[in-house]
S.K.: 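Before we start, here is the structure in question, set down as structure tokens.
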Amino acid sequence: MSSETTILWFRRDLRLADHDALNAARVRGSCVIPVFIWAPEEEAPWQPGAASRWWLHQSLHALRVSLRELGSDLIIRRGPSLDAIRQLIAETGATAVYWSRLYEPAVIERDRVIKTALREAGIEAKSFNAALLHEPWTVQTTQGKPYQVFTPFYRACQALGDPSTPLKKPTALPPIPALASLEIDALELLPSIRWYTGIAAAWQPGEEGGLKRLGGFAPIAPRYKSERDRPDLESTSRLSPHLHFGEISPRQVWWAIRKAHPGGAAEPYLRQLIWREFAHHLLYHFPHTTSEPLRPEFKRFPWSEDARLLRAWQKGRTGYPIVDAGMRELWHTGWMHNRVRMIVASFLVKDLLVPWQAGARWFWDTLVDADLANNSLGWQWTAGCGADAAPYFRIFNPALQGEKFDPDGAYVRRWVPELARIDTRGLHRVFERDRQELAAAGVEVGRDYPAALVDHSAARDAALAAYDRIKRFE
DNA sequence: TATATGTTGTC
DNA sequence: ACAACATAT
């Protein structure tokens, strides 16, 4: 009996369907012991932020309910992870530990140490893929090197063909012996101040919530092609937090979309899944890019460390309506539309000249889908210092972007209600309008809505001049 | 998945 | 007057 006991170590694979490690553990023997170990310090310097912890709390609850429905349970312990695993082995006589791989540098190193220690102790330690269509070392250039440009990476992935079809969720699981477990509340993942009510209203964490979201999105996925850039519409999948926590797998998403649209009408969306793969590829092969620019010349970029500017951006008080709408959507819901992420990021980095790392940190703490791979890629792309980077001179004009992608102003009116009565023409450039006109809509700039933090045209010139300075010494 | 500006074409 | 396009950043 004990020789068949397998510890199933859950981390960010919080689902029961399409779970290779779970499947292998069931095949191996009659006893599977699901465990979650809370050890945030092992992920330093990128331990989960506040929004992620809220999500994790909910997701662990959902996973525990699902496991109990199938006759099993979720044992919850505190780290250090290796100590907790050893303790469980002593308590259960387990002879194997299975888990799903992650790709953050600190986690890779932690897992490597644990795998080695377990094997030296005669335990079968085995990891599985659960998070990616193609793991980072399975895609390489003809030179055998990692990709640094998206399009060739995308083609290489296409050449690898469709992933295997997802595994079904088990209908029953073996019962587990009586073991001590913490309550989820004991992990204190929820903040003492209840700032998360807006987040709770917007999301259903957990496998069921993820599958519901996928089921709702798959039929309308073709809309993604034409409406993806419209934050005032609901045309994106909003699957990112579910994917981050592994509540659904990219294989499940891939096949649900493919089967709903065999003609290829949803290819633009599937291409975005490959961006996610690309981000993990880069994180794995260039692990320093979480904090350092991939292009070294950006190390001497003359950033401004103006805390006042950073704070205004964080609070959504920049005086640029589309930027403020995005930052407030983020604060209230733990999420921001991707087009708006690019706009607010460009504003922070290029208009305010605040280091991209400061923006990445804020996103890390406030996004429910905060993901080290995606976050690092996104910020470096915006700053122009990363792989496949936007050339530095691509500077978003927040007024133009607003007019183009929020043409009716509905997104701004929703998240910046003090501007709700201003007519659409000129809503996105409220700083250019005269006082009387705004007074008629009940707005006094500087009292009801902040004056523009910087003049975009001048800020653009300053950013280009700063870039010119680092370029000259290339 | 950029923008500002200048030139050319069309009415 | 303004769209369409080219080009520099």
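Lettering follows sequence order; numbering is per chain, from 1. Computed from a prediction, not measured in an experiment: that's the story for all the values here.
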S.K.: If you compare all heavy atoms of Ala218(A) against all heavy atoms of Ala256(A), which two are closest, and at what distance to 0.1 Å?
M.R.: CB-O, 4.2 Å
S.K.: Please report, rounded to the nearest Å, how far the P atom of dA2(B) is from the CD atom of Glu403(A).
M.R.: 17 Å
S.K.: Take atom CZ of Phe396(A) and atom C1' of dT3(B), then tell me their distance rounded to the nearest Å.
M.R.: 10 Å
S.K.: Starting at atom CZ of Phe393(A), determine the distance to atom P of dT7(C), rounded to an integer number of angstrom.
M.R.: 15 Å
S.K.: Please report the distance, rounded to the nearest Å, between CH2 in Trp275(A) and C1' in dT1(B).
M.R.: 8 Å
S.K.: Under the side-chain hydrogen bond (donor to acceptor under 3.5 Å, both in side chains) rule, what pairs show up with a residue in residues 131-147 of chain A, not counting sequence neighbours?
M.R.: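 Non-adjacent pairs meeting side-chain hydrogen bond (donor to acceptor under 3.5 Å, both in side chains): Arg101(A)-Glu135(A), Tyr103(A)-Glu135(A).
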S.K.: Would you indicate which nucleotide in dT9(C), dT1(B), dT3(B) comes nearest to any side-chain atom of Leu464(A)?
M.R.: dT9(C)
S.K.: Does a side-chain N or O of Asn338(A) approach OP1 or OP2 of dT1(B) to a distance below 4.0 Å, or not?
M.R.: no
S.K.: When the distance from CD1 of Ile322(A) to P of dT1(B) is rounded to whole Å, what number comes out?
M.R.: 15 Å
S.K.: Starting from P on dT1(B), measure out to CE on Met342(A) and report it in whole angstrom.
M.R.: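 Atom CE in Met342(A) sits about 8 Å away from atom P in dT1(B).
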S.K.: NZ of Lys225(A) versus C1' of dT1(B): gap in Å, rounded?
M.R.: 14 Å
S.K.: Quick one: Leu377(A) CG to dT1(B) P, roughly how many Å, whole number?
M.R.: 17 Å
S.K.: Answer yes or no: does a side-chain N or O of Gln401(A) lie under 4.0 Å from OP1 or OP2 of dT3(B)?
M.R.: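 Result: yes.
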S.K.: Determine the sole option in Ile395(A), Val323(A), Thr318(A) for which the side-chain contact (heavy atoms from CB on, under 4.5 Å) test with Asp351(A) is passed.
M.R.: Ile395(A)
S.K.: The criterion is ring-ring contact (aromatic ring centres under 6.0 Å, His included); which residues satisfy it with Phe396(A), sequence neighbours excluded?
M.R.: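 Phe396(A) satisfies ring-ring contact (aromatic ring centres under 6.0 Å, His included) with no residue once adjacent residues are dropped.
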